[in-house]
Number of protein chains: 2
Amino acid sequence: MNTKLPPRTVERLSKYRRLLDKYKDLEEAHIYSHKLAALLNLTPEQVRRDLMLIGLTGNHRKGYNIKALIGQIGTTIDRQEGHRVALVGIGNLGKAVLGFIRKANTKMDIVAAFDIDRNKVNTQVAGVACYDIGAAAQIISREQIRIAILTVPPEAAVNTATLLLESGIRGILNFTSVHLDVPPGIYLKDYDIITSLEEIGFFIMD
Amino acid sequence: MNTKLPPRTVERLSKYRRLLDKYKDLEEAHIYSHKLAALLNLTPEQVRRDLMLIGLTGNHRKGYNIKALIGQIGTTIDRQEGHRVALVGIGNLGKAVLGFIRKANTKMDIVAAFDIDRNKVNTQVAGVACYDIGAAAQIISREQIRIAILTVPPEAAVNTATLLLESGIRGILNFTSVHLDVPPGIYLKDYDIITSLEEIGFFIMD
DNA sequence: AATTTATTGTTAATTTTTTCACATTAGTGA
DNA sequence: TCACTAATGTGAAAAAATTAACAATAAATT
Ligand SMILES: NC(=O)c1ccc[n+]([C@@H]2O[C@H](COP(=O)([O-])OP(=O)(O)OC[C@H]3O[C@@H](n4cnc5c(N)ncnc54)[C@H](O)[C@@H]3O)[C@@H](O)[C@H]2O)c1
Ligand SMILES: NC(=O)c1ccc[n+]([C@@H]2O[C@H](COP(=O)([O-])OP(=O)(O)OC[C@H]3O[C@@H](n4cnc5c(N)ncnc54)[C@H](O)[C@@H]3O)[C@@H](O)[C@H]2O)c1
């Protein structure tokens, strides 16, 4: 079900599902486009169009069936078999991420974590097995891991990313704020809290 | 210098500066739009347009003077006096954020952190004073804090956000993945790693 | 000094995204 | 049963963002 979808739509679909996840077991719960829009600061038209794009159809009187909505978002943006993810760098941020994803209901499975610190290697954090970074190539290949979350210290970022790409990683979520040069075909997403803060700062000025 | 700027431009300006920050002391360093674009997966035209929008002018032969570029981004998106920020919830994520921002060169100053845990209250983390959440209203008002980073457990999110808004906070960076209902005029930005991962997952499928 | 070159600055064109507008429709209740 | 209501679904319009195109130009070279 991988038709070409606008990137923004993909992002919003993920958010709809995150928001409505807690109602997923209610068989007959519905939500109106204007309600969903209000919850996420969007317009009702935008919500309807997004849902239209994934072929979801609502009820003219009750709105969208939440269970169906979650299901359809799943068939659209998830891989059936899920995604196998590695976390690299089990520091404060890495631990927070592990704990967070463990609790979340998602097809993103963190199947391995890597660190260089001997005290962390061969332990479990939030139910995830931690390995030495030296074993990364082997484990990523064996476990068919395709996505990596990079939370190593900045000075280790470039080398670690190179290693990950050589090991078969196809997408990186990079928290290090270090610029990574990736070849075409690799999906790199950077997140930097400072950019978020500066954006907030700019828009609250008056 | 607060002309109306497209939100995307603001975000990219922040990224240009983050990326070039390390060259800020080189008096005569220049960069071409195409070089900057390549570093951030943008087009040269987009870079030139962004810089045009903030009234920055490059040299036809050498490109943009990095120091001038950083300066002009500053006058455009920063407040001269900086922004006073509070971090609320000093757990794994909160500590990572404190350490990160302390090291970064930015006008965002974290001037207080809050927690409910008695072991954390009245300590310092990454040079930031930690207070009891009960003192938040008083300290936020006294310190004129306008922006809060919310890293409390999900179940505390709504109440804590209410308290922050009552205390004068105008912008919230919300990591809790809990939906917050904020009145108009308050700038809320949510970040959820799962949405980032799902986006990566979707776009590496083929 | 003239020529060449590579880049900027910017208008115009294009593409993408959002919003409008309204016909259609499922349920409600008189 | 039949109008009425408050939604959806979607083509069309508008707005926003990006990309193309190219004249202007500053430095390097001859
Ligand atoms: N983008 C953001 O918003 C943001 C926020 C906070 C932190 N950060 C960044 O995230 C990263 C981690 O932050 P943190 O606070 O968790 O740091 P941390 O020092 O607590 O953790 C880093 C971990 O990486 C491990 N490590 C070091 N070298 C390694 C290597 N070569 N291979 C594997 N593991 C290695 C360390 O042993 C440690 O466990 C840093 O780069 C930091 O700057 C980014
Ligand atoms: N959005 C994301 O990408 C992302 C990633 C990781 C974690 N998270 C979320 O961030 C939050 C923090 O995660 P963490 O791993 O640091 O959790 P944590 O449990 O380590 O830290 C939470 C901290 O908040 C404090 N706290 C509890 N109640 C409080 C209150 N009422 N007022 C002030 N402080 C209070 C606790 O004492 C603790 O120090 C959680 O909501 C988690 O789900 C989000």
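Note that this is a predicted model, so its numbers are computed, not measured. Chain identifiers are assigned alphabetically (A, B, ...) following the order of the sequence lines, protein sequences preceding nucleic acid strands; residue numbering begins at 1 within each chain.
Residues from residues 179-187 of chain B with heavy atoms under 4.0 angstrom of DNA chain D: there are none. Contacts between residues 38-47 of chain A and DNA chain C, counted as heavy-atom distances below 4.0 Å, involve Thr43(A), Glu45(A), Gln46(A).
Every residue was checked against the ring-ring contact (aromatic ring centres under 6.0 Å, His included) condition with Tyr64(B), not counting sequence neighbours, and none meets it. Applying the side chain to side chain donor-acceptor pair (under 3.5 Å) test to Asn159(A) and every residue at least two apart in sequence or in another chain returns nothing. Partners of Ser14(B) by side chain to side chain donor-acceptor pair (under 3.5 Å), not counting sequence neighbours, listed by chain and number: Thr195(A), Glu198(A). Annotation: side chain to side chain contact (heavy atoms under 4.5 Å, CB included) contacts of Asn59(A) (sequence neighbours excluded): Arg61(A), Lys62(A).
Sorted by first and then second residue, the salt bridge (charged side-chain N to carboxylate O under 4.0 Å, His left out) pairs with a member in residues 179-194 of chain A read Lys189(A)-Glu199(B), Asp192(A)-Arg18(B); sequence neighbours excluded. Applying the side chain to side chain donor-acceptor pair (under 3.5 Å) test to residues at least two apart or on different chains, the pairs with a partner in residues 33-42 of chain B are Ser33(B)-Arg48(B). Residue pairs that meet the salt bridge (charged side-chain N to carboxylate O under 4.0 Å, His left out) test with at least one member in residues 146-169 of chain A, sequence neighbours left out, do not exist here. Applying the salt bridge (charged side-chain N to carboxylate O under 4.0 Å, His left out) rule to pairs touching residues 65-91 of chain B yields Arg17(B)-Asp78(B), Glu27(B)-Lys67(B), Arg79(B)-Glu81(B), Arg84(B)-Glu143(B), sequence neighbours excluded.
Residue Tyr32(B) places no side-chain N or O under 4.0 Å from the OP1 or OP2 atom of dT5(C). OP1 or OP2 of dT18(C) sits under 4.0 Å from a side-chain N or O of Arg12(A).
Between Arg48(A) and Met52(B), it is Met52(B) whose nearest contact on DNA chain C lies nearer the 5' terminus.
Using cut-offs of 30° and 60° on the angle between ring planes, the pair Tyr191(A) and Tyr191(B) is parallel. Between Phe203(A) and Tyr187(B), the angle of the ring planes stays under 30°, which puts this pair in the parallel group of the 30/60° scheme.
Salt bridge Arg49(B)/Glu45(B): absent, no basic N to carboxylate O contact under 4.0 Å.
Here the closest non-hydrogen pair linking Ser167(A) and Ile140(A) is O-CG2, 3.4 Å.
Formation of a donor-acceptor pair under 3.5 Å by the Thr160(A) side chain with backbone atoms of Ala156(A) is found in this model.
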Grab the N/O contacts between the protein and nucleotides 24-26 of chain C below 3.5 Å, and write none if there aren't any.
from: dT25(C); atom 1: O4'; to: His60(A); atom 2: ND1; distance (Å): 3.0
from: dT25(C); atom 1: O2; to: His60(A); atom 2: ND1; distance (Å): 3.1

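When heavy atoms are screened at a 4.0 angstrom cut-off, Ser33(A) is found touching the sugar-phosphate backbone but no base atom. Using a 4.0 Å heavy-atom cutoff across all strands shown, Thr57(B) reaches sugar-phosphate atoms only and no base atom.
One interatomic measurement links the two molecules: NE2 of His34(A) to P of dT18(C), which rounds to 20 Å at whole-angstrom precision. Rounded to an integer number of Å, the gap from CG of Leu5(A) to C1' of dT18(C) is 16 Å.
Residue Arg49(B) places no side-chain atom within donor-acceptor reach of the base of dT8(C), judged by atom type and a 3.5 Å distance cut-off alone.
Once you apply a 4.0 Å limit to the heavy atoms of chain B, the touched nucleotides of DNA chain D run 5' to 3' over dA17(D) to dA28(D).
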